[in-house]
Amino acid sequence: MLEKIEDLLVEVGNFSSANKDEIEQFRIKFSGKKGIINDILAQFKEVPNEQKKEFGQKINTLKQAVEAKLEGLKNATTSTILFEKDDLTKPGFPSELGTRHPINLVKNRIIEIFRSIGFAVADGPEIEDDWHNFTALNLPEYHPARDMQDTFFIETNPDLLLRTHTSSVQIRYMEENQPPMRILSPGRVFRNEAISSRSHCIFHQIEGLYIDQNVSFADLKQTIQYFTTELFGKSKIRLRPSYFPFTEPSAEVDVYWGLNSETDYRITKGTGWLEIMGCGMVDPAVLANVNIDADKYSGYAFGMGIERIAMLMYQMSDIRMFFENDKRMLEQFKSL
Ligand code: DAH
C-alpha cells in the first residue's frame with residue numbers, strides 16, 4: 001500500500017496540462033468523492049496499527065501534493081483565461097506601417113508628372129542583348145563610346161549582358177510600335193563600377209521617348225522645363241551641348257538650384273547649377289535601325305538617374321543608403 005502511494009506521488013508530480021478539462025479530470029481522479037484519496041482513506045482501518053502513523057503521513061503528503069499541483073495549474077491557466085477575457089474595448093496594439101522606398105517615391109512622382117502630359121510607361125528586360133543595349137542605339141562593336149559604360153556580360157553567352165541603361169527599352173518599344181509614341185521607361189541598370197558614395201554598380205534610370213511628326217528641340221526643352229518645375233519647383237534650366245551616340249544633337253540638362261544655403265554651395269560646387277539628365281533628338285540612324293521613316297518622323301529622348309534625383313530631393317549624401325535599407329533611413333519616408 002505504501003508503495004502504491006509512492007507511485008501516485010510520482011504520477012502527481014509528473015502531471016502537467018494547460019487544458020481545463022484535463023485538469024478537472026485530474027482533480028476528480030485524485031480528490032473527487034470517489035477519488036483515489038478517499039479510496040485510500042477508506043482502507044485506513046484495515047492498516048495494522050503499527051503502520052498507521054507512517055501511512056497517515058503518506059496520505060497527507062499525497063493530498064498536499066495534489067492540492068499544490070492543482071493550485072499551480074490553476075494559476076498558469078488563469079493568466080491565459082484572463083487574456084482571453086481581456087477588455088475587448090481597449091485600443092489595440094498599433095501595427096507598424098510600412099514605407100515606400102524613396103526610389104519608388106521619386107519614380108512614381110516622375111511617372112505622374114509625365115503621365116499628365118501623355119506619356120505611357122513601357123517595360124523592358126534587365127538581361128539584354130547587344131542589339132538593344134548597344135548596336136541599335138548607334139553603338140556598333142568597337143565603338144569607343146561603349147567604354148563609357150562598364151558592362152557586366154553574361155559569361156555563358158557573349159551576346160547577353162545586364163543592361164547598362166534604360167535606353168534599350170526605346171529600341172524594344174520602337175520595334176513593336178509605330179509613331180506617334182510617348183513613353184517613359186523606369187528600371188534598374190547595371191554597371192561594373194567601383195562602389196562609392198557617388199556611384200553604385202546597380203542603380204535606376206528613367207528613359208523618356210517621344211516620336212511624332214515635326215517634333216523639335218524646342219518641344220524637348222519645354223517638356224523638360226515643365227518637368228523640373230513640377231518636380232523641384234525650379235523652372236530655370238540650361239541645355240549644354242554634349243554627346244550621346246543615339247541622339248543628335250545631344251545635350252546635358254542643368255537646373256538652376258540656387259545658392260541659398262551652404263548645402264547648395266556644396267552640391268553645386270558654388271555654381272548654383274546641377275546636372276540632372278542627358279537628352280537629345282533621336283539620331284536618324286537609330287530610327288532607321290527600327291524601321292521608322294526618319295524623313296517623316298522625328299523625336300527626342302532623355303535619360304536620368306533616379307538615385308541622383310532622390311539624393312537631391314531628400315538631401316542624401318551617400319548613394320549606398322538606397323541599397324543598405326537601414327530602417328532608420330526608411331522610416332523617415334513613412335508619411336510620404
Ligand atoms: N543612356 C544615357 C546614360 O545612360 C542617358 C541618356 C542620355 C538617355 C541621352 C537618353 C538620351 O535617351 O537622349 O547615360
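Side-chain atoms are counted along with the backbone in the values below, which use heavy atoms only and exclude waters and symmetry mates. Remember, it's 1-based here, ligands and their atoms both numbered in the order they're listed.
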**Student:** Compute the shortest N/O to N/O distance between G208 and ligand 1 and return yes if it is under 3.5 Å, no if not.
**Tutor:** no
**Student:** Tell me yes or no: between the side chains of D129 and H132, is some donor less than 3.5 Å from an acceptor?
**Tutor:** yes
**Student:** Could you tell me whether some N/O pair between S167 and ligand 1 is separated by less than 3.5 angstrom?
**Tutor:** yes
**Student:** For the CG atom on D326, are there more than 12 heavy atoms of other groups (residues, nucleotides or ligands in this structure) within a distance under 6.0 Å?
**Tutor:** yes
**Student:** Which bit of C279 is near ligand 1, meaning a heavy atom under 4.0 Å away: side chain, backbone, both or neither?
**Tutor:** backbone
**Student:** Which one of M277, M304, R191 has a non-hydrogen atom at the shortest distance from atom 14 (O) of ligand 1?
**Tutor:** R191
**Student:** Can you classify the ring geometry of F323 versus H204 as parallel (below 30°), tilted (30 to 60°) or perpendicular (above 60°)?
**Tutor:** parallel
**Student:** Do we see a donor-acceptor contact under 3.5 Å between the side chains of Q225 and S235?
**Tutor:** no
**Student:** To which protein heavy atom is atom 2 (C) of ligand 1 closest, and what is the distance rounded to 0.1 Å?
**Tutor:** F246 CZ, 3.9 Å
**Student:** Among protein heavy atoms, which lies nearest atom 12 (O) of ligand 1, and at what distance?
**Tutor:** E207 OE2, 2.5 Å
**Student:** Answer yes or no on whether K52 is positioned over the face of F44, meaning its NZ or CZ is under 6.0 Å from the six-membered ring centre and within 45° of the axis.
**Tutor:** yes
**Student:** In terms of relative ring orientation, are F244 and F246 parallel, tilted or perpendicular, with 30° and 60° separating the classes?
**Tutor:** parallel
**Student:** Closer than 4.0 Å to some heavy atom of Q170 - which atoms of ligand 1 meet that?
**Tutor:** 12 (O)
**Student:** Applying a strict 4.0 Å limit to heavy atoms, is Y300 in contact with ligand 1?
**Tutor:** no
